[in-house]
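Throughout, a chain's letter reflects where its sequence line sits, starting with A, and its residues are numbered from 1. Atoms considered below: every heavy atom in the structure, side chains included; atoms not considered: hydrogens, waters and symmetry mates.
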There are 2 protein chains.
Amino acid sequence: MDASLLTIQPNAPEPIYRQIVEQLRRLIASGQLVTGDLLPSVRDVAGFHAINPMTVSRAYGLAENEGLLERLRGKGMAVAATQRAAHTQVQRLALLEPQLLELARHARELELPPDPVLRRLSKLLEE
Amino acid sequence: MDASLLTIQPNAPEPIYRQIVEQLRRLIASGQLVTGDLLPSVRDVAGFHAINPMTVSRAYGLAENEGLLERLRGKGMAVAATQRAAHTQVQRLALLEPQLLELARHARELELPPDPVLRRLSKLLEE
DNA sequence: CCATGTGTATCAATACAACAATACACTAGG
DNA sequence: CCTAGTGTATTGTTGTATTGATACACATGG
């Protein structure tokens, strides 16, 4: 459960704290993180990625509000007990829906036929 | 060439001026806008979408810097002469590449197999 | 000429993200 | 007990991004 679990892009337009929350949501939904798993400490994550501990704390706090994580006083943050099991495939696919919609809209503005888009994505998904 | 050509989502995280630039890029790449086409005036767009004229002007200015548009003094903005023709399919697909990469990364974090993702996208692309 | 239409330079207001430096409450383990 | 490890509240600062209000320069067309 080390700090390298999280991928952070400091230059992305999306703020760091939200990158962390979204990533946790997906890792939990897929079952890569399960109930009880202890997360890396805010200081570990901050040190590893050279960011501010409070930024990580903010992300953890938001994840707790959403019910993704729970706080174990003195120990750290863990995946919440309410997250019993990995989501079904349908539920996980639903998390991708907004992105899929936006992609489809852009493809339409580009007047791209479905086929080349699907083929390119298929290629990327296999790596 | 009226102001309804552009779609704007004021509540999206992406800033309005960038929504406009990106959209222009795609409409020009696809040939829906061709060299010489006159764009709706900043005040028309601003009035129609209830946003500030300066926000539209900023978008037009950026698009001009990129060579997408050119300024016809006293008349308005038009699609630049350097944009001779619609891009090839390969070029247009390249504009989607960053979004496709991010989508693939998220699908991997969700441990979603390629098939359901591709099927859902295929459905959305046909509408 | 002048009324009306362009785009835009300038300045201000606001919000947000991230950082920094503390200090605090809590717990596990020696 | 006490040290070292949790997360977090607080305060302040910095940098940046976005949007807005206003005034201006310019060109067109009657």
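Listed by chain and number, the residues in a side-chain contact (heavy atoms from CB on, under 4.5 Å) with B/Leu101 are A/Leu124, B/Glu97 (sequence neighbours excluded). Under the rule for a side-chain contact (heavy atoms from CB on, under 4.5 Å), the partners of A/Thr82 that lie at least two apart in sequence or sit in another chain are A/Ala80. In terms of the side-chain hydrogen bond (donor to acceptor under 3.5 Å, both in side chains) criterion, residue partners of A/Arg25 (sequence neighbours excluded) are, by chain and number, A/Glu22, A/Glu66. For A/Asn52, there are no side-chain hydrogen bond (donor to acceptor under 3.5 Å, both in side chains) partners, not counting sequence neighbours. Every side-chain contact (heavy atoms from CB on, under 4.5 Å) that A/Pro53 has, sequence neighbours left out, goes to A/Ala46. Judged as a side-chain hydrogen bond (donor to acceptor under 3.5 Å, both in side chains), and not counting sequence neighbours, A/Arg18 has no contacts. Residues satisfying the side-chain hydrogen bond (donor to acceptor under 3.5 Å, both in side chains) test with A/Arg26, not counting sequence neighbours, are B/His106, B/Glu109.
The interatomic distance linking A/His49 (NE2) with C/dA17 (C1') rounds to 18 Å, in whole Å. For the pair A/Gln9 CD and C/dA18 P, the computed distance is 13 Å after rounding to whole Å. Atom CG of B/Leu69 is separated from atom P of C/dT6 by 16 Å (rounded to the nearest Å). Separating the CG atom of B/Asn52 from the P atom of C/dC11 is a distance of 17 Å, rounded to the nearest angstrom.
A donor-acceptor distance shorter than 3.5 angstrom exists from the side chain of B/Gln19 to the backbone of B/Glu14, with no hydrogens or angles considered.
Residues from residues 12-21 of chain B lying near DNA chain D, meaning a heavy-atom separation below 4.0 Å, are B/Pro15, B/Ile16, B/Tyr17, B/Arg18 in numerical order.
Under a 4.5 Å side-chain heavy-atom cut-off, the cluster of Ile, Leu, Val, Met, Phe, Trp and Tyr residues that includes B/Leu62 is completed by B/Tyr17, B/Val21. Connectivity analysis of hydrophobic side chains (ILVMFWY, heavy atoms under 4.5 Å, direct or indirect) links A/Phe48 to nothing; its cluster partners are none.
In the helix from C/dC1-D/dG30 to C/dG30-D/dC1, the terminal helix axes, each the rotation mapping four pairs' C1' atoms onto the next four within five end pairs, subtend 10°, rounded to 10°.
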Protein within reach of the bases, or only the backbone? For nucleotides 2-9 of chain D, mark each nucleotide 5' to 3' as B, S or -, using heavy atoms under 4.0 Å. ---BBBBB
